[in-house]
Amino acid sequence: MWTFFHKMGSPRWFYQISGQWLPWIAVFAFGLLAVGTVWGLAYAPADFRQGNSYRIIYVHVPASAIALAGYMLMAFAAAISLIWKMKLAEVVMKCAAPIGAGMAFISLISGALWGKPTWGTYWVWDARLTSMLILFFLYLGVIALYEAFEDNVSASKACAVLSLVGTVNIPIIYWSVEWWNSLHQPATLKLTEESTMHSDMLQPLLIMIAGFYAFYALLLLMHSRSEILVRERNTKWVKELVAKRLG
């Protein structure tokens with residue numbers, strides 16, 4: 001285990017092994033997304049209360065889940081970078097921020113579009129919506145903080161601290177509908193309880209969630225590989241790689 005952990009700290013090893021993963025993850029991600037989209041939009045039954053407007057759940061829920069999980073991944077990488085000074089952890093922390101921000105933005109926009117026919121308005125200062133908006137700003141804060149420093153080491157330390165502090169918002173997002181009187185409906189999927197969704201609606205949702213996770217992994221790997229090449233551009237192995245491709 002420790003050998004693998006040590007290898008993961010090597011940008012060169014990660015770049016080489018991730019190149020073998022990319023095609024398989026891409027096929028897996030786009031296959032799941034295609035099946036989930038067609039199933040959810042074309043074949044899942046309409047909701048007896050919301051009609052067809054509920055179908056935005058097949059984008060909203062996966063994007064929201066990835067926004068939360070992506071932030072926890074970023075915070076985990078931040079902790080590793082602070083404790084063990086691993087270059088790869090710094091890369092993952094930096095690259096996870098814009099992808100997570102994109103997922104949080106999709107969650108907010110899709111939620112607003114869903115809220116209009118359900119609540120009669122695009123936005124209310126509901127606990128769940130407000131805390132998700134804060135998450136989006138935390139992502140943007142990490143991105144902006146990176147750009148504020150010229151030195152990668154100082155930028156990584158500052159962003160790591162902000163990432164770890166921001167984890168306080170994650171349980172607030174998750175439990176907000178339970179702690180406060182919220183317009184937002186309770187969680188559709190629960191770890192300890194059976195889902196309230198009909199299986200014909202639930203199955204494509206689970207496929208879409210899996211597809212979003214795979215798509216997130218694909219984007220994170222691609223972005224991390226690009227960042228590694230930028231950071232390691234003066235090393236021998238990157239120069240040899242570039243020369244091989246140009247030759």
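Atom CG of L206 sits about 8.5 Å away from atom CE of M197, to the nearest 0.5 Å. The distance from atom CZ of R225 to atom CD of Q16, rounded to the nearest 0.5 Å, is 9.5 Å. Rounding to the nearest 0.5 angstrom, the gap separating the CG atom in L229 from the OG1 atom in T235 is 8.5 Å. Considering CG of L88 and OG of S18, their distance stands at 9.0 Å, rounded to 0.5 Å. Once rounded to the nearest 0.5 Å, the distance linking CE of M103 with CG of L219 reads 6.0 Å. In this structure, CD1 on I173 lies 4.5 Å from CG on L135, to the nearest 0.5 angstrom.
Proximity of a side-chain donor or acceptor of Y139 to a complementary backbone N or O of I134 within less than 3.5 Å is not detected. Under the 3.5 Å distance criterion, the side-chain polar atoms of Y71 are left unmatched by any main-chain donor or acceptor of A96. Here the side chain of S154 pairs no donor or acceptor atom with the backbone of D151 at under 3.5 angstrom. In this structure a side-chain-to-backbone donor-acceptor pair under 3.5 Å is present from S81 to A78. A donor-acceptor pair is defined here as one N or O able to donate and one able to accept, closer than 3.5 Å; no such pair exists between the side chain of R12 and the backbone of V238. With hydrogens and angles ignored, the 3.5 Å screen pairs a side-chain donor or acceptor of S226 with a backbone N or O of M222.
Residues L82 and W84 do not share a hydrophobic cluster, clusters being chains of Ile/Leu/Val/Met/Phe/Trp/Tyr side chains in contact below 4.5 Å. F212 and V27 are members of different hydrophobic clusters when ILVMFWY side chains are connected at heavy-atom separations under 4.5 Å. In the hydrophobic clustering of ILVMFWY residues, with side-chain heavy atoms under 4.5 Å counting as a link, V153 and M74 come out apart. Side-chain heavy atoms closer than 4.5 Å link hydrophobic residues (I, L, V, M, F, W, Y) into clusters, and following such links, even through other members, never connects L138 to V161. A single hydrophobic cluster is not seen to contain both V61 and I207; linkage of ILVMFWY side chains at heavy-atom distances under 4.5 Å, directly or through other members, places them apart.
A pairwise comparison of heavy atoms in N169 and S131 identifies ND2-O, 2.9 Å as the closest pair. When all heavy atoms of A97 and V142 are compared, the pair lying nearest together is CB-CG1, 3.9 Å. What you find for A217 and I25 is that their closest heavy atoms are CB-CG2, 4.5 Å. When every heavy atom of S224 is checked against every heavy atom of V91, the shortest pair comes out as O-CG1, 3.7 Å. Closest heavy-atom contact between P98 and H223: CG-CE1, 3.6 Å. Considering all non-hydrogen atoms of both residues, I80 and A89 come closest at CG2-CB, 3.7 Å.
Atom CH2 of W237 has more than 12 neighbouring heavy atoms from other residues, nucleotides or ligands inside a 6.0 Å radius. The number of heavy-atom neighbours closer than 6.0 Å to CZ of F136, taken from other residues, nucleotides and ligands shown, is above 12. Residue F215 qualifies as open at atom CZ: its count of foreign heavy atoms under 6.0 Å is 12 or below. More than 12 heavy-atom neighbours from other residues, nucleotides or ligands sit within 6.0 angstrom of CZ on F149.
With contacts defined as side-chain heavy-atom distances shorter than 4.5 Å, the pair T121/K116 does not qualify. Between Y216 and L73 the shortest side-chain heavy-atom distance falls below 4.5 Å. A heavy-atom distance below 4.5 Å is found between the side chains of P62 and L205. Taking 4.5 Å as the limit, some side-chain heavy atom of Y54 sits within range of a side-chain heavy atom of I57. Using a 4.5 Å heavy-atom threshold, the side chains of K87 and F14 count as separate.
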Apply salt bridge (charged side-chain N to carboxylate O under 4.0 Å, His left out) to residues E90 and K85 and explain how you reach the verdict. CA-CA 8 Å; E90 295 178 4; K85 314 298 182 183; over 6 Å; no
If you apply the rule side chain to side chain contact (heavy atoms under 4.5 Å, CB included), what do you find for F76 with S163, and how did you get there? CA-CA 9 Å; F76 182 69; S163 299; over 6 Å; no
Distance-only donor-acceptor pairs under 3.5 Å for side chains of residues 105-113, two or more places apart:
| residue | atom | partner | partner atom | Å |
| --- | --- | --- | --- | --- |
| S107 | OG | S64 | OG | 2.6 |
| S110 | OG | H60 | ND1 | 3.0 |
| S110 | OG | I106 | O | 2.7 |
| S110 | OG | S107 | O | 3.2 |

Contacts table for residues 31-48: side-chain donor-acceptor under 3.5 angstrom, sequence neighbours left out:
| residue | atom | partner | partner atom | Å |
| --- | --- | --- | --- | --- |
| T37 | OG1 | L33 | O | 2.6 |
| D47 | OD2 | R49 | N | 2.9 |
| D47 | OD2 | Q50 | N | 2.8 |

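Taking a cutoff of 4.0 Å between a charged side-chain nitrogen and a carboxylate oxygen, K94 and E227 qualify as a salt bridge.
Remark: W123 pairs with W125 by the ring-ring contact (aromatic ring centres under 6.0 Å, His included) rule, at least two apart or across chains.
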